[in-house]
Amino acid sequence: MAIATHQSGSPASGEEDKHAWFSRDRLGLFIHWGLYALGARHEWLKNREELTDERYQRYFDNFDPDLYEPKEWARRARLAGMKYVVVTTKHHEGFCLWDSKVTDYKATNTPCGKDLLTPLVDAFRAEGLKIGFYYSLIDWHHPDFPIDVHHPLRNHPDAKALNAGRNMANYAAYMREQVRELLTGFGRVDIMWFDFSYPRREYRGLTGKGRTDWESERLVELVRELQPGIIVNNRLDLPLDANNLPDMVTPEQYTPRVAPTIAGQPVRWEACHTFSGSWGYHRDEDTWKSPEQIIKLLIDSVAMGGNLLMNVGPTGRGTLDARAIGALEVYQNWMAVNGRSIYGARPSDFPVPSGCRYTQRGNRLYLHVCDWPYRHIHIEGISDRISYAQFLHDASEVRWLSHVKEVDSNVGVTVPEGMITLELPVRRPNVTVPVIEIILKP
């Protein structure tokens with residue numbers, strides 16, 4: 001079954017109309033929130049600590065995010081320059097943020113006592129962000145989900161015997177009903193973000209899971225029927241070739257060296273990253289990325305034609321902690337003055353100077369100076385094209401030297417033919433990653 005046939009660079013015309021927004025908007029917010037926020041030590045804690053349902057129940061029994069203000073989350077996302085949100089409606093633990101009719105394992109049955117997804121969708125939509133739903137194909141709580149390599153009971157001495165009564169077809173039907181609820185009960189949904197397949201991961205005689213187990217073709221057919229304009233990611237283990245390109249591919253915690261392709265064809269893509277080393281709230285995790293790192297992640301993605309989906313993990317009380325707020329404010333401050341080098345920007349074909357990245361919009365070339373040099377940046381390929389140059393954050397002029405045959409031998413700044421040399425201040429401007437806007441002649 002063909003999932004889609006398109007990409008931001010060379011899509012089919014109909015798909016271009018439906019999905020062109022994605023490659024314009026470039027930056028989105030990922031939200032991982034569930035019962036694991038109470039454990040506060042990684043969203044996979046049930047797996048890592050091999051917790052039984054009975055042991056994990058304490059988080060369900062005490063889940064009460066009394067400080068939950070989705071309007072504040074949405075406001076901060078908008079200020080950070082994010083244009084869409086993807087929220088974990090159900091993660092691997094199986095817990096649902098909405099009032100699903102096919103399970104009791106949901107927010108409305110916790111001390112919280114209410115649907116948490118509807119107000120989130122309403123809040124982000126009110127701030128102008130598009131809506132994406134993450135839905136885990138894995139479910140460590142559902143009684144029909146067979147124990148496998150990722151299941152908390154994988155090392156249980158009776159794991160194979162426990163699987164005897166589990167019916168994967170029942171679970172696949174359950175998933176379809178939940179996806180139907182998500183795609184009919186919340187208005188337009190722009191992204192369906194499934195996670196994830198592992199058909200070749202065998203462990204102690206327990207087989208992994210892929211498209212046959214998920215009944216992926218039926219699942220995607222349902223998604224397309226209910227939300228024809230939706231973007232579906234690439235984690236359903238469906239066939240991929242030049243005639244079957246996914247709506248987008250999703251490198252995780254990794255920035256590709258070059259833009260991803262499938263069978264030599266370009267594909268729409270989005271890197272997903274965390275501010276720290278965990279997706280869910282982790283109280284004691286201490287590898288939070290620096291401002292330079294999180295800005296460069298965005299620049300690197302857009303410079304290769306991709307998007308960035310950056311994650312926050314709210315606390316068990318429904319707040320964003322100070323570290324997450326600080327990280328969002330890094331984007332807020334940078335995007336406020338440099339956003340036009342990102343929104344609607346594409347890769348450039350010009351040779352990139354060392355320590356820099358290019359993005360381009362029409363006749364405007366954006367030079368992101370990731371490694372600040374001493375006074376000069378030498379640029380090839382635009383010597384006869386450049387009309388004007390300025391720092392983007394304050395519109396202050398950047399002057400340049402062009403090729404001349406003779407120079408002052410005591411200075412020794414030689415500009416070869418076909419090159420220009422930008423003259424920069426000795427000290428880097430007070431911007432996380434300065435951007436120089438180069439205006440090219442028509």
From Ser341 atom OG to Arg357 atom CZ, the distance as rounded to the nearest 0.5 Å:
13.5 Å

For Arg48, which residues count as a salt bridge (charged side-chain N to carboxylate O under 4.0 Å, His left out) partner, sequence neighbours excluded?
none

Tell me yes or no: between the side chains of Ser136 and His92, is some donor less than 3.5 Å from an acceptor?
yes

How far does CG of Leu27 sit from CG of Leu309, to the nearest 0.5 angstrom?
8.5 Å

Check side-chain contact (heavy atoms from CB on, under 4.5 Å) between Arg78 and all other residues, then give those that pass, not counting sequence neighbours.
Arg75, Glu127, Leu129

Return the minimal non-hydrogen interatomic distance between Pro434 and Val431, and the atom names on each side.
CD-O, 3.7 Å

Could you walk me through whether Asp25 and Lys130 pass side-chain contact (heavy atoms from CB on, under 4.5 Å), step by step?
CA-CA 10 Å; Asp25 288 356; Lys130 290 183 170 61; 4.0 Å; yes

For the residue pair Leu38 and Gly316, what are the closest heavy atoms and their distance?
CD1-CA, 3.8 Å

Between Trp140 (side chain only) and His150 (backbone N and O only), is there a donor and an acceptor less than 3.5 Å apart?
yes

Keeping to residues at least two apart or across chains, list the salt bridge (charged side-chain N to carboxylate O under 4.0 Å, His left out) pairs with something in residues 185-196.
Arg188-Asp190, Asp195-Arg235

What pairs with His368 under ring-ring contact (aromatic ring centres under 6.0 Å, His included), at least two apart in sequence or on another chain?
none

Aromatic contact between Phe95 and Phe63, with the criterion being ring centroids under 6.0 Å apart: yes or no?
yes

Should the ring pair Tyr134 and His91 be called parallel, tilted or perpendicular, given that the plane angle runs from 0 to 90° and is split at 30 and 60?
parallel

Supply the atom-to-atom distance His393 NE2 to Ile436 CD1, rounded to the nearest 0.5 angstrom.
10.0 Å

With sequence neighbours excluded, residues passing salt bridge (charged side-chain N to carboxylate O under 4.0 Å, His left out) with Asp115:
none

Which is it for Leu120 and Val87 under the side-chain contact (heavy atoms from CB on, under 4.5 Å) test, yes or no, and what are the steps along the way?
CA-CA 9 Å; Leu120 185 149; Val87 59; 4.0 Å; yes

Using modelled atom types and a 3.5 Å cut-off, is there a donor and acceptor pairing between side-chain atoms of His19 and backbone atoms of Gly229?
yes

Enumerate the side chain to side chain donor-acceptor pair (under 3.5 Å) contacts for residues 175-187, please, sequence neighbours excluded, ordered by first and then second residue.
Trp98-Glu181, Ser100-Gln178, Ser100-Glu181, Tyr135-Gln178, Tyr174-Gln178, Arg176-Glu215

Please name all residues satisfying ring-ring contact (aromatic ring centres under 6.0 Å, His included) with Trp214, sequence neighbours left out, ordered by chain then number.
none

Extract all donor-acceptor atom pairs below 3.5 Å that involve side chains of residues 374-392 and protein atoms in other chains or at least two apart in sequence.
| residue | atom | partner | partner atom | Å |
| --- | --- | --- | --- | --- |
| His378 | ND1 | Thr421 | OG1 | 2.9 |
| Gln390 | NE2 | Glu437 | OE1 | 2.6 |

Could you walk me through whether Arg224 and Asp247 pass salt bridge (charged side-chain N to carboxylate O under 4.0 Å, His left out), step by step?
CA-CA 12 Å; Arg224 301 288 189 212; Asp247 294 346; 2.9 Å; yes

Okay, side chain of Glu93, backbone of Leu35: is any donor-acceptor separation there less than 3.5 Å?
yes

Using modelled atom types only, decide if a donor and an acceptor are shared between the side chain of Thr110 and the backbone of Ala107 within a distance under 3.5 Å.
yes

Taking Asn62 for the side chain and Arg58 for the main chain, is one N or O donor matched with an acceptor at less than 3.5 Å?
yes

If you compare all heavy atoms of Trp269 against all heavy atoms of Ala259, which two are closest, and at what distance to 0.1 Å?
NE1-CB, 3.9 Å

Check whether any side-chain N or O of Glu43 sits under 3.5 Å from a backbone N or O of Gly280 as a donor-acceptor pair, and report yes or no.
yes

Would you please test Trp73 and Tyr68 for side-chain contact (heavy atoms from CB on, under 4.5 Å) and show each step?
CA-CA 9 Å; Trp73 297 7; Tyr68 176 47; 3.6 Å; yes

Between atom OG1 of Thr255 and atom CE of Met304, what is the distance when rounded to the nearest 0.5 Å?
6.0 Å

Results of salt bridge (charged side-chain N to carboxylate O under 4.0 Å, His left out) for Lys101 - residues two or more places apart only:
Asp99

Look at Glu285 together with Arg41 and state whether they make a salt bridge at an N to O cut-off of under 4.0 Å.
no

Think Lys46 forms a cation-pi with Tyr56, using NZ or CZ under 6.0 Å from the six-ring centre and within 45 degrees of its axis?
yes

Non-neighbouring partners of Asp66 that pass salt bridge (charged side-chain N to carboxylate O under 4.0 Å, His left out), sequence neighbours left out
Arg317

Could you check Phe196 against Phe194 for ring pair (Phe, Tyr, Trp, His ring centres under 6.0 Å), going step by step and ending with a plain yes or no?
CA-CA 6 Å; Phe196 62 93; Phe194 290 110; over 10 Å; no

Would you say Ser216's side chain and Leu236's backbone share a donor-acceptor pair under 3.5 angstrom?
yes

Which distance, rounded to the nearest 0.5 Å, do you find between the CD1 of Ile325 and the CG of Asp321?
7.5 Å

Atom of Tyr281, atom of Ala37 and distance for their closest heavy-atom approach
CD2-O, 3.7 Å

Atom pair CG (Asn234) and OG (Ser197), whose distance is rounded to the nearest 0.5 Å
9.5 Å

Under 4.5 Å between any side-chain heavy atoms of Asp139 and Lys90, yes or no?
yes

With sequence neighbours left out, what residues match Trp334 under ring-ring contact (aromatic ring centres under 6.0 Å, His included)?
none

All N/O donor-acceptor pairs, side-chain side in residues 342-353, below 3.5 Å, sequence neighbours left out:
| residue | atom | partner | partner atom | Å |
| --- | --- | --- | --- | --- |
| Tyr343 | OH | Gly81 | O | 2.6 |
| Ser348 | OG | Phe350 | N | 3.2 |
| Ser348 | OG | Gln360 | OE1 | 2.9 |

Start with the C-alpha distance between Met335 and Met82, add both sets of side-chain angles, then the distance that settles side-chain contact (heavy atoms from CB on, under 4.5 Å), and finish with yes or no.
CA-CA 9 Å; Met335 291 291 282; Met82 285 144 172; over 6 Å; no

Please confirm whether the backbone N or O of His282 pairs with a side-chain atom of Ser278, one donor and one acceptor, at under 3.5 Å?
no

Can you confirm whether or not the ring centre of Tyr105 sits under 6.0 Å from the ring centre of Phe60?
yes

Please report whether the ring centroid of Phe30 lies less than 6.0 Å from that of Trp193.
yes

Please work out whether the ring planes of Phe22 and Tyr84 are parallel, tilted or perpendicular, with thresholds of 30° and 60°.
tilted

Looking at every heavy atom in both Leu367 and Cys356, which two are closest together, and how far apart are they?
CD1-CB, 3.6 Å

Side-chain donor/acceptor of Asn363 to backbone N/O of Leu440, under 3.5 Å
yes

Kindly give the heavy-atom pair with the smallest separation between Gly277 and Thr287, and that separation in Å.
N-OG1, 3.5 Å

For Asp213 and Gly210, indicate whether the former's side chain and the latter's backbone hold a donor-acceptor pair under 3.5 Å.
yes

